[in-house]
Trainee: 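Supplied in structure tokens, the structure appears directly below.
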Amino acid sequence: MLWVDKYRPRTLDKVIVHEEIAGNIRKLVSEQDCPHLLFYGPPGSGKKTLIMALLKQMFGPGSEKVKLENKMWKINAGTRTIELELTMLSSTHHVELNPSDAGFQDRYIVQEIIKEMARNRPIDTKGKKGYKVLVLNEVDKLSREAQHSLRRTMEKYSASCRLILCCNSSSKVTEAVRSRCLNIRVNAPTEEQIIKVLEFIGKKENLQLPPGFTARIAAQSNRSLRRAILSLETCRVQQYPFTANQAVPPMDWEQYISEIASDIIMEQSPKRLFMVRGKLYELLVNCIPPEIILKKLLSELLKKLDSELKHEVCHWAAYYEHRMRLGQKAIFHIEAFVAKFMSIYKGFLIATFS
Amino acid sequence: MAPVAPSSQPWVEKYRPKQVKDVAHQDEVVRVLTNTLETSNCPHMLFYGPPGTGKTTTALAIAHQLYGPEMYKSRVLELNASDDRGINVVRTKIKDFAAVAVGSGSRQGGYPCPPYKIIILDEADSMTEDAQNALRRTMETYSKVTRFFFICNYISRIIEPLASRCAKFRFKPLSEEIMSNRILHICKAEGLTLDSEALSTLSSISQGDLRRAITYLQSAARLFGSTISTKDLISVSGVIPQDVVQSLFMACKSGDFDVADKEVSNIIAEGYPVSQMLSQLLEVIVNADKISDEQKARICKKLGESDKCLIDGADEYLQLMDVACHAMRALCNMPEELHFS
């Protein structure tokens with residue numbers, strides 16, 4: 001088992017990083033009256049861990065027995081029937097799914113599943129009607145229509161099901177949905193907190209951690225706890241016992257992007273652009289999301305620039321990322337950014353050195 | 001800590017005024033509608049104004065007061081944006097309902113019960129133009145037996161022919177004083193303690209939207225118990241603490257790119273919503289006195305562009321970075337675009 005999963009806190013009491021939030025959630029559950037919740041925060045900050053712990057607090061160990069299910073939905077939408085296939089995780093008390101997987105038909109999923117859950121309401125031991133919890137991931141990727149239909153459904157069926165929504169950026173969730181939920185911001189752990197967790201794991205695994213080693217991992221992790229733990233485990237596999245100045249290996253794709261960045265800085269010509277395109281394709285084929293490529297490329301390029309150019313480059317990165325979101329083929333826009341950068345940089349070089 | 005009474009009903013519904021005269025701060029409307037209650041004569045109405053000012057409440061209250069609980073179902077049709085409201089619905093459902101004749105105006109059980117029906121179209125600005133056009137004739141044909149209540153946020157999205165057929169009422173944002181009164185009333189009923197600082201914070205972060213204020217209050221009460229401080233309110237409302245906004249602004253002012261970059265990365269890692277950041281930054285910039293108008297204009301222009309990009313789904317980090325860059329250039333009097341001599 002990976003350490004990330006092995007040391008994931010299972011209950012709210014064991015949460016180390018977001019103690020305050022955990023305490024608040026516990027209070028909510030103990031009052032027997034849980035509103036809809038919206039968790040938002042950057043990746044690797046612990047939203048999912050908190051949700052899982054919350055479910056366990058609500059329903060006890062029953063919520064951990066999940067089964068994976070590939071369900072076919074037949075939805076009657078006026079004149080035609082739509083067939084959709086969607087993977088979902090479910091236990092007796094909750095259902096978890098990624099509605100955005102259904103693409104533009106996501107709104108049917110949202111309505112249909114909530115209706116079905118409302119139909120077969122669980123009955124608890126005291127004969128009282130309980131409620132089920134529906135966990136929706138990546139709500140920020142839901143289409144506008146789906147979010148609109150969500151808001152009415154949320155009110156209508158609030159007696160029989162509670163929603164827990166989880167997303168990265170709450171800007172992309174409509175105000176109407178946000179105002180119906182209790183918003184919980186999960187911030188990324190600070191480097192000190194990451195160090196604390198790494199040392200905790202080190203102790204449990206009986207590792208000898210040289211001083212400063214955890215701090216270096218934490219610094220490289222971009223404040224993502226998941227990443228920090230994964231790289232600690234990678235280091236453990238590569239070389240143990242640790243040495244004081246052991247290198248923390250960067251992700252291979254990051255290294256690749258940094259190579260691309262130095263290629264671009266070295267020469268600005270159509271020929272080089274063609275070569276860079278090949279490399280970008282390589283990354284895209286390996287399923288690295290295009291916006292992450294663009295962001296990483298920007299940060300690599302910024303390291304090598306004079307400050308007067310930085311503003312301009314930043315602006316164009318934002319510009320092309322926006323266009324990428326509107327368009328379809330990511331490669332065009334990343335390449336356009338590279339070409340634009342080359343032209344700015346070349347102009348700058350000519351102006352300074354000739 | 002006193003126990004908070006568990007109740008699944010949102011306070012917004014629980015404390016919704018049941019009578020027209022209880023609606024706060026909208027004197028004109030209240031006067032016209034009280035008159036309606038007496039004479040049971042009423043024009044088509046169009047309510048517009050920002051969210052949370054009592055538009056829907058007023059419409060529902062008058063309908064209830066006119067018909068009472070028994071007749072309400074048969075006399076009032078309520079449609080809002082989550083119901084399907086395409087042109088087909090207008091042609092069939094609304095027209096059918098409007099066409100039904102009603103009995104003569106006899107007072108039943110103490111309610112005026114005037115001889116017409118009411119159709120309430122909530123969030124009417126989200127209706128398509130076609131659907132609105134289809135309504136025009138319907139409104140006139142059945143005006144003897146039906147009254148329409150349109151409710152919307154933006155009157156500019158209601159087509160002119162519809163607007164000209166209605167009596168228009170603007171709902172003003174609630175003033176702080178009235179809002180505080182209302183909130184204190186709820187606090188008393190729910191057994192909460194709220195100090196004066198928290199009260200003024202609540203009024204200011206909800207910006208005249210009473211519904212939002214009540215929602216925040218309820219969330220805070222659920223999370224933090226019956227004693228609520230300013231900090232608790234800010235944490236449930238999703239408003240970004242002022243010092244975070246200030247430090248970003250200062251970083252832009254300093255003109256140092258790396259400082260700003262660090263600030264922006266920090267904001268993203270803390271998980272603050274960027275759209276909120278932009279609107280709070282706007283406030284800081286508009287109110288700052290040491291910047292010239294031209295600089296302000298440059299920054300505001302960029303803020304608008306970035307807001308649109310965010311709605312399109314662009315990356316938060318890059319957009320905020322772009323705004324910071326532009327702000328920095330404007331504040332340090334750097335040229336707007338890079339030129340090489």
Side-chain angles (χ1 to χ4, degrees), chain A residues 24-25 27-28 31-35 40-42 45 140-141 148-149 151-153 155 158-159 168-172 175 178-180 182-188 190 222-223 291 294-295 298-299 302 307-312 314-315 317-319 321-322 324-326 344 347-348 350-352, chain B residues 3-4 6-8 10 51 80-83 126 211-212 215 218-219 222-225 235-238 255-258 261 265-266 268-278 306 308-326 328-329 334 337-338 340-341:
Chain A
N24 288 337
I25 295 178
K27 217 181 287 171
L28 272 186
E31 269 175 32
Q32 295 293 318
D33 167 35
C34 188
Y40 64 96
S45 55
D140 44 353
K141 294 205 179 113
H148 277 302
S149 66
R151 66 177 186 186
R152 189 70 199 142
T153 335
E155 284 177 348
S158 67
N168 283 136
S169 71
S170 73
S171 319
K172 288 174 202 163
E175 176 64 40
R178 256 187 291 161
S179 68
R180 282 172 176 77
L182 182 55
N183 296 8
I184 297 178
R185 181 170 61 87
V186 184
N187 58 333
T190 58
N222 267 336
R223 292 180 68 179
E291 61 272 11
L294 191 65
K295 255 157 82 176
L298 173 71
S299 77
L302 284 180
S307 62
E308 47 188 312
L309 280 181
K310 281 180 180 172
H311 302 288
E312 192 71 14
C314 240
H315 165 68
Y319 176 82
E321 199 274 338
H322 175 225
M324 185 158 76
R325 202 55 68 120
L326 298 178
I344 294 173
F348 171 73
I350 291 171
T352 21
Chain B
V4 178
S7 131
S8 56
N80 63 19
S82 46
D83 304 309
S126 70
R211 176 174 43 201
R212 202 157 15 145
T215 315
Q218 188 176 17
S219 313
R222 271 172 165 162
L223 269 184
F224 303 105
S235 83
V236 290
S237 65
D256 188 336
F257 183 86
D258 295 323
D261 188 17
S265 311
N266 187 37
I268 300 292
E270 286 293 322
Y272 293 118
V274 171
S275 52
Q276 177 70 30
M277 187 72 201
L278 293 186
S306 284
K308 161 78 175 119
C309 292
L310 280 178
I311 288 174
D312 289 340
D315 187 81
E316 294 193 313
Y317 168 77
L318 290 174
Q319 288 303 328
L320 191 56
M321 209 52 224
D322 193 14
V323 168
C325 283
H326 268 82
M328 207 183 291
R329 283 177 175 180
M334 289 187 235
E337 266 164 48
L338 201 61
F340 304 114
S341 48

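Residue numbers begin at 1 in each chain, while the letters A, B, ... track the order of the sequences.
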Trainee: Is chain B contacted by the side chain of A:Leu302, its backbone, both, or neither, given a heavy-atom distance below 4.5 Å?
Mentor: side chain
Trainee: To the closest 0.5 Å, what do you measure between CD1 (B:Ile311) and NE2 (A:His322)?
Mentor: 10.0 Å
Trainee: Can you list the steps and then say if A:Cys314 with B:Met321 is a side chain to side chain contact (heavy atoms under 4.5 Å, CB included)?
Mentor: CA-CA 7 Å; A:Cys314 240; B:Met321 209 52 224; 3.4 Å; yes
Trainee: With chain A, which of B:Ser237, B:Pro273, B:Ser265 has the greatest number of heavy-atom pairs at distances under 4.5 Å?
Mentor: B:Pro273
Trainee: Look only at the side chain of A:Arg325 and the backbone of B:Gly313, and say whether a donor-acceptor pair between them is shorter than 3.5 Å.
Mentor: yes
Trainee: Supply the atom-to-atom distance B:Arg329 CZ to A:Glu312 CD, rounded to the nearest 0.5 angstrom.
Mentor: 4.5 Å
Trainee: Ignoring hydrogens, what is the shortest heavy-atom contact between B:Val236 and A:Asn183? Give both atom names and the distance.
Mentor: O-CB, 4.4 Å
Trainee: Surrounding CZ of B:Arg212 (heavy atoms of other residues, nucleotides or ligands, distance under 6.0 Å), is the total greater than 12?
Mentor: yes
Trainee: Side chain, backbone, both or neither: which part of B:Glu270 has a heavy atom under 4.5 Å from chain A?
Mentor: both
Trainee: Quick check for you: among B:Leu310, B:Asp322, B:Asp261, which has the greatest number of heavy-atom pairs under 4.5 Å with chain A?
Mentor: B:Asp322
Trainee: Specify the closest pair of heavy atoms between A:Arg185 and B:Gly271, including all atoms of both residues, with the distance to one decimal.
Mentor: CD-O, 3.6 Å
Trainee: In Å and rounded to the nearest 0.5 Å, what is the NE2 to CZ distance from A:His311 to B:Phe257?
Mentor: 6.5 Å
Trainee: Highest number of heavy-atom pairs under 4.5 Å with chain B: which of A:Lys172, A:Lys295, A:Lys141?
Mentor: A:Lys295
Trainee: Closest approach of A:Ala318 and B:Gln319, non-hydrogen atoms and distance?
Mentor: O-NE2, 3.6 Å
Trainee: Top residue by heavy-atom pair count (under 4.5 Å) with chain A, among B:Asn266, B:Val323, B:Asp315, B:Ile268?
Mentor: B:Asp315
Trainee: Answer with side chain, backbone, both or neither: which region of B:Asp258 has an atom nearer than 4.5 Å to a non-hydrogen atom of chain A?
Mentor: side chain
Trainee: Go through B:Pro51, B:Ser219, B:Ala324, B:Ser235 and name the one with the most non-hydrogen pairs under 4.5 angstrom from chain A.
Mentor: B:Ser219
Trainee: With a 4.5 angstrom heavy-atom cut-off, is it the side chain or the backbone of B:Tyr317 that approaches chain A, or both, or neither?
Mentor: side chain
Trainee: Relative to chain A, which segment of B:Met328 carries a heavy atom at a distance below 4.5 Å: side chain, backbone, both, or neither?
Mentor: side chain
Trainee: Check whether B:Thr215 gets within reach of chain A through its side chain, its backbone, both or neither, counting any heavy atom under 4.5 Å.
Mentor: side chain
Trainee: Taking atom CD of B:Gln276 and atom OG of A:Ser170, what is their separation to the nearest 0.5 Å?
Mentor: 8.5 Å
Trainee: Relative to chain B, which segment of A:Ile184 carries a heavy atom at a distance below 4.5 Å: side chain, backbone, both, or neither?
Mentor: neither
